[in-house]
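Down below is the structure, laid out as structure tokens.
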Amino acid sequence: MPLRFYNTLTQQVQEFAPAHDNTVRMYTCGPTVYDFAHIGNFRTFTFVDILRKTLRANGFGLNHVMNITDVDDKIIRNAAAQGKTIEDYTATYIQAFLDDCATLRLERPERLTPATQHIDDMAAAIARLGEGSHTYNSEGSIYFRIATFPQYGKLSHNDFGGILAGARVDVDEYEKADARDFALWKAPKPGEHFWEEPIGPGRPGWHIECSVMAIKYLGETLDIHAGGVDLIFPHHENEIAQSESLTGKPFSRFWLHAEFLMVEGQKMSKSLGNYLTLRDVLARGYEPEAIRYLLESVPYRKTLNFTFDGLKSAVTSIERLRNFKLRLETDRYPEGVQERMTARTAAASQAFTDGLNDDLNTAEALAAVFEYVRDANSAMDTGEFRAGDVAGALELLKRFDSIFDVLQPGAKGGQLQDAEVERLIAERTAAKKARNFAAADRIREQLLEQGIVLEDTKSGVRWKRK
RNA sequence: GGCGCGGUAGCCAAGUGGUAAGGCAAAGGUCUGCAAAACCUUUAUUCGUCGGUUCGAUCCCGACCCGCGCCUCCA
């Protein structure tokens, strides 16, 4: 199945390929670094990670830019409250964000672009918009005049015809000429940090950074622009207005948006007490892989209900897959190849790919893998599974994990060295041979306390760290 | 009010105009010294409600109910 995505712009599922060479030029909205990112943020960032990996699996190269919004009202306010510079204040959260991404195994985009390093570019872009009569000044701020962009609303599919009647209001008497106009450049308030630019002193509005950095690094028309659904309006709509007024070309061919995340069936909010950062969830003792699995198991266009029951279920699901992998690696199988298994592996692999290519249907892709695991386990139980089938099965798992990335356990704090574990297992095996089961069970218990789980199989003892 | 998304078993969730994937949980069984792992069986005559189109609808159309998001900062 060819790769297809739902495009917010056209409201249709469309086949995707990069416009020019084989490289996808993609821009995704990154974090505003005024605090630790929450799991809702990571739902979106995890979707972007799946998107990246699926694009790569389709043979495309990636040129992906993600912004870091390191100047906005909250940042200015919080930094001032703590007597810090903006830079010092955001440094903590930028690092935290990078650490959290690493924890969740999210790939780094090809380029991360902090807004504050592109202020000159933004000011220049605003000046050029001014030359095109797309802006007006009001009380020291510069606004984008939406009346100059008739297509405004094409992404969010809103008709602003009626609202735009406000454009008749006299500019000089009002801060904004039209309710939908938005700030490109904000006049400095007393005591606030500002930049001195040819367009005047001030700081950039929220939307301009994305247009400017995207065009600077990726060109005038992107292949993909992605983010959370809440960004469709006004953020992405405004980006389109600015960018297309600037270039006269479509800003992005595809717009992908991840749905919201809820917590325990309710919207996440600080007042409800269900506001969760990644760190909060980790502090409850869950491994990052389980969180990652839960976030990626629900297709991105569907609201994800994040629950701790769901997390537990994710833990078990991953365990099943890891057990299967361990079994492949440790059991002994009769020589030869089972043709039925070979065909089964190929079919599962195809179904996995088809699922992902169908607008990143991760649920479908997962189902293909789990169905395969059941069939293969079953074949192992009956002795049909052959030594020659192992490689294909491992290859399938590898493909799965190149996207989902949950099979490799994170570093565990186990104190026991492998050699020591092996020694104790040998001791236990000897005790079992002597039919001293009490002693054998004692050793197994002892290992379990160290997080080592033993499994007796026909091929011998298999162990894993829990 | 406008725009958008969704309502499928205890929970999460896929899906198609022809009769309901997958995961978790639960119960029973096989295997095992005991476990663990694994496998097998059972668990939605039914897909928010009511109409309509159709030989046939969970899937198409209409109305309604409910949840969520955006419309102000927000993933």
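To find a chain, count down the sequence lines: A is the first, B the second, and so on, and within it residues start at 1. Any value given below was found using the heavy atoms of this structure, including those in side chains, with hydrogens, waters and symmetry copies removed.
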Closest approach to the side chain of A:Met268, judged atom by atom: which nucleotide of B:A75, B:G15, B:C12 is it? B:A75
Looking only at the side chain of A:Lys302 (C-beta and beyond, no hydrogens), which of the listed nucleotides B:A75, B:A21, B:G6 gets closest? B:G6
When you compare B:G4 with B:A14, how far apart are their C1' atoms, in angstrom units rounded to a whole number? 22 Å
Watson-Crick or G-U wobble partner for B:U54, using a 3.5 Å limit on both distances? none
Is the ring centre of A:Tyr93 less than 6.0 Å from the ring centre of A:Phe36? yes
Does any N or O in the side chain of A:Arg4 come within less than 3.5 Å of the main-chain N or O of A:Asp359, such that one atom is a donor and the other an acceptor? no
Between A:Asp389 and A:Arg344, does at least one N-O distance fall below 4.0 Å, as a salt bridge requires? no
Would you say A:Ser313's side chain and A:Asp309's backbone share a donor-acceptor pair under 3.5 angstrom? no
Integer-rounded Å distance: B:A75 C1' and A:Phe36 CZ: 18 Å
Send over the distance from A:Glu364 CD to B:G23 P, rounded to a whole Å. 13 Å
Ignoring hydrogens and angles, tell me if any N or O in the side chain of A:Asn436 forms a donor-acceptor pair with the backbone of A:Ala439 under 3.5 Å. yes
Write down the distance separating the P atoms in B:G52 and B:U42, rounded off to the nearest Å. 37 Å
Using a 4.0 Å heavy-atom cut-off, does A:His38 contact any base of the nucleic acid, only the sugar-phosphate backbone, or nothing at all? base
Decide whether A:Asn7 and A:Gln14 meet the rule of one side-chain donor and one side-chain acceptor closer than 3.5 Å. yes
Among B:G22, B:C24, B:A21, the one nearest any side-chain atom of A:Ala363 is B:A21
Parallel, tilted or perpendicular for A:His207 and A:His235, by the 30°/60° rule? tilted
Looking only at B:C3, B:A75, B:A21, the nucleotide nearest the A:Thr32 side chain is B:A75
Rounded distance (Å) that lies between atom P of B:A26 and atom NZ of A:Lys312: 12 Å
A:Asp358 has an atom CG; how far is it from atom P of B:A21, in whole Å? 18 Å
Taking only side-chain nitrogens and oxygens of A:Ser297, does any of them come within less than 4.0 Å of OP1 or OP2 of B:A14? no
Write down the partner of B:C70 under the Watson-Crick or G-U wobble criteria, each distance required to be under 3.5 Å. B:G2
Atom CG of A:Asn7 to atom C1' of B:G4: distance rounded to whole Å? 15 Å
Between A:Leu304 and A:Lys74, just flag the one whose closest nucleotide in RNA chain B comes earlier from the 5' side. A:Leu304
Presence of A:Asn361 side-chain N/O under 4.0 Å of B:G15 phosphate oxygens OP1/OP2: yes
In whole angstrom, give me the gap between the P atoms of B:G62 and B:G69. 26 Å
In whole angstrom, what separates A:Leu294's CG from B:G23's P? 17 Å
When rounded to whole Å, the CG to C1' distance for the pair A:Asn238 and B:U72 reads 12 Å
Taking a pair to mean Watson-Crick or G-U wobble geometry with both distances below 3.5 Å, B:A9 pairs with none
Please determine if A:Arg180 forms a cation-pi arrangement with A:Tyr152, meaning its NZ or CZ atom is less than 6.0 Å from the six-membered ring centre and no more than 45° off the ring axis. no
My understanding is that a pair needs two contacts under 3.5 Å, Watson-Crick or G-U wobble. By that rule, which nucleotide pairs with B:C34? none
Of all heavy-atom pairs between A:Gln242 and A:Ser211, which one has the smallest distance, and what is that distance? OE1-OG, 2.7 Å
Separation between the P atoms of B:A20 and B:A9, rounded to whole Å: 15 Å
NA contact type, A:Gly227, heavy-atom cut-off 4.0 Å: base, sugar-phosphate, or nothing? sugar-phosphate
Pairwise C1' distance for B:C66 and B:U49, with rounding to whole Å: 10 Å
Touch class at under 4.0 angstrom, heavy-atom based, for A:Asp72 against every strand present: nothing
Identity of whatever pairs with B:U46 - Watson-Crick or G-U, under 3.5 angstrom: none
Pairwise 5' ranking along RNA chain B for A:Lys458 and A:Val298, keeping only the more 5' one: A:Val298
Between protein and nucleotides 32-44 of chain B, map the contacts as a letter string: B base, S sugar-phosphate only, - none, heavy atoms under 4.0 Å, written 5' to 3'. -BBBBSBSS----
Rounding to the closest angstrom, what is the interatomic distance between B:G51 and B:C12 at atom P? 28 Å
Tell which nucleotide pairs with B:C59, taking only Watson-Crick or G-U wobble pairs whose two distances are both under 3.5 angstrom. none
Strictly by Watson-Crick or wobble contacts shorter than 3.5 Å, is anything paired with B:U41, and which nucleotide is it? B:A27
Please determine which of A:Asp405, A:Asp401, A:Asp49 meets the salt bridge (charged side-chain N to carboxylate O under 4.0 Å, His left out) test together with A:Arg292. A:Asp49
Integer angstrom distance from the C1' of B:A13 to that of B:U53: 30 Å
Need one value for A:Pro299: base, sugar-phosphate or nothing, where a base atom within 4.0 Å counts as base even if backbone is also close, heavy atoms only. sugar-phosphate
For the aromatic rings, using the six-membered ring if either is Trp, is the centroid distance between A:Phe97 and A:Phe45 under 6.0 Å? yes
Within 45° cone and under 6.0 Å: A:Arg284 NZ/CZ vs A:Phe308 ring: yes
At under 4.0 Å between heavy atoms, how does the protein contact nucleotides 66-71 of chain B? Give one character per nucleotide, 5' to 3', with B, S or -. --SSSS
So what's B:U16 paired with, Watson-Crick or G-U wobble, going by both distances under 3.5 Å? none
Provide the closest heavy-atom pair for A:Glu237 versus A:Lys154 in the form atom of the first, atom of the second, distance. OE2-N, 3.2 Å
I need the CG-P distance between A:Asp354 and B:G15, as an integer number of Å. 13 Å
Rounded to whole angstrom, note down the C1' distance from B:C65 over to B:C50. 10 Å
